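Whatever order the structure lists ligands and atoms in, that order sets their numbers, starting from 1. Note that the structure is a prediction, hence the values are computed from the model and not measured.
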Amino acid sequence: MYGLSEADREIQARAREFADELIPFEDEAERAGGELPRDVTAAQAKRARELGLYATNMPADLGGPGCSYLQQVLVQEQMGRVTNALGWVAATPPSWLPAVATPDQIERYVRPAIAGEREECYAITEEGAGSDVDAITATARRDGEDYLLNGVKWHVTSYNSADYAFFQARLVGGPHDGEHAMFLVDLPSPGISVVRTPAYSHTISHHHPIVAFTDVRVPAANLVGAEGDGMSFAYEWFRYERLMVAARCLGAAARLTDEMTAFAAGRVVGGQPISEYGLVAGMLADSLTELFAARSMTYETARGIDGGADVKISHAQCSMAKLYASEMAGRVADRAVQVFGGRGYMRENMAERFFRELRVERIWEGTSEIQRMIIARQMTKRTPTALA
Ligand SMILES: Cc1cc2nc3c(=O)[nH]c(=O)nc-3n(C[C@H](O)[C@H](O)[C@H](O)COP(=O)(O)OP(=O)(O)OC[C@H]3O[C@@H](n4cnc5c(N)ncnc54)[C@H](O)[C@@H]3O)c2cc1C
């Protein structure tokens, strides 16, 4: 199905096998606030690397597996079958960085990230700048051979495990005054402190603290690209991440659909399996139908990128895939909780966990409303026919 090549099916099977190894750890993670013992997580990360499922987005000439976009989607789809973000051990370092990094940055950040020795986090969002990234107020001021960074960043995912951050700021002074720039900031560095670590709906080991940067000094060699480039990197990152969000939502919806179908076929109420009641059968049928549509759309978008599609068209298609797959997965999780009845409300049931965890897929990497705005803008600019 889906016209997958032998190599595609092989990496898909490898990823599925790995996801099946992670699933038995979900309940323990849920009970422990998302944390597994360090040695367990380290062994899982090692296994992801051995299986060639780590850094799948990184080119072979830098030591990565050099997978196609479709293959990256196939891997992340399987990781999406696992709750509590345990699949994040099959991490994907910043896909856009090798193209813009200096040789020095390649050695200090890119190669170690591909080897699994360094991990990044993104400090872009602020209290008053989320959907509207252009509203950021964090600043970067040139000071001799360095820049001084200031600002308070929100929702900095994985700050607790990362050892470097991408920090986006507005330049103050100089020829690019007011424009954006992005910096690589080593963690910890003097002047960086956690304001607080709020609790979120999901139970995962990656925290999303509010982080203050106060006169943080970074060498000019840590500027990514040129002054004024900041926003373009964020767009590149969003495009990639939106497609991978779609992929993980496919995996979540697939597992939910499998498990609710098996449960509905076996759960007898009033003398017959609940799957034979039309109202339940409808929930099963709608779930698979929508999953089929979302998967076809996501795979097609990945194939387009692999085939060298126009970047603006891919941008709109990544938004469509993210929008539809995340909303589809949310509906499927809601139905799954309903099909499981009281069992679906227990944290030990994957439907309950997905019900909470999938909610953020409609918010991060651009909310559903922002995706709709992007799609509609491209429709009027390029015609709907050009996009789908
Ligand atoms: C768990 C989690 C992890 C995150 N991780 C990171 C991270 O690692 N790094 C990082 O930088 N950020 C991160 N974020 C931030 C995330 O990207 C933002 O929350 C998201 O982009 C939305 O921004 P906001 O929260 O400011 O909402 P707002 O922008 O305040 O939006 C509020 C509401 O208004 C709507 N809205 C806003 N503008 C428009 C418009 N033009 N048209 C229609 N509706 C609109 C939105 O859709 C939403 O419904 C994370 C967020 C969460 C929840």
Which residue holds the protein heavy atom closest to atom 20 (C) of ligand 1, what is that atom called, and what is the gap in Å?
-> I363 O, 3.6 Å
Ring centres of H155 and H207 under 6.0 Å apart?
-> no
Nearest protein heavy-atom contact for atom 42 (N) of ligand 1: which residue, which atom, what distance?
-> M373 CG, 4.0 Å
Which atoms of ligand 1 are found less than 4.0 Å from any heavy atom of V360?
-> 1 (C), 53 (C)
Is it possible for you to check whether K153 lies under 6.0 Å from the centre of the six-membered ring of F167, through NZ or CZ, and within 45° of that ring's axis?
-> yes
Going by heavy atoms in the side chains, are L323 and R372 under 4.5 Å from each other?
-> yes
Mind checking whether A123 has an N or O less than 3.5 Å away from an N or O of ligand 1?
-> no
Hey, are R141 and N150 close enough side-chain-wise for a donor-acceptor pair under 3.5 Å?
-> no
Of the listed options (E120, Q371, E369), which comes nearest to atom 47 (O) of ligand 1 when hydrogens are ignored and any heavy atom counts?
-> E369
Taking the side chain as every heavy atom from C-beta outward, state whether L358 and L256 have any pair of such atoms under 4.5 Å apart.
-> yes
Which atoms of ligand 1 have any heavy atom of G130 under 4.0 Å away?
-> 21 (O), 23 (O), 24 (P), 26 (O)
N/O separation below 3.5 Å, W364 to ligand 1 | no
Interfacing atoms of ligand 1 (cut-off 4.0 Å, heavy-atom, T157) | 3 (C), 4 (C), 5 (N), 6 (C), 7 (C), 8 (O)
Checking ring pair (Phe, Tyr, Trp, His ring centres under 6.0 Å) against Y299, which of F292, Y69, Y2 comes through?
-> Y2
Atom 10 (C) of ligand 1 has as its nearest protein heavy atom T125 OG1, 3.3 Å
Atoms in ligand 1 with a heavy atom of Y122 nearer than 4.0 Å = 7 (C), 8 (O), 9 (N), 10 (C), 11 (O)
Numbered atoms and elements of ligand 1 in range of I124, under 4.0 angstrom, heavy atoms | 11 (O)
Residue and atom name of the nearest protein heavy atom (relative to atom 39 (C) of ligand 1), distance in Å to one decimal | I370 CD1, 3.8 Å
Ring centroid separation Y122 to W364 under 6.0 Å | no
Element-labelled atoms of ligand 1 that are located less than 4.0 Å from some non-hydrogen atom of Y200 = 1 (C)
Counting from 1, what ligand 1 atoms have a heavy atom of T367 closer than 4.0 Å?
-> 22 (C), 46 (C), 47 (O)
Note: heavy atom closest to atom 14 (N) of ligand 1, options Q168, E126, H155, belongs to H155
Distance to 0.1 Å, residue and atom name: give those for the protein heavy atom nearest to atom 31 (O) of ligand 1.
-> S131 OG, 3.6 Å
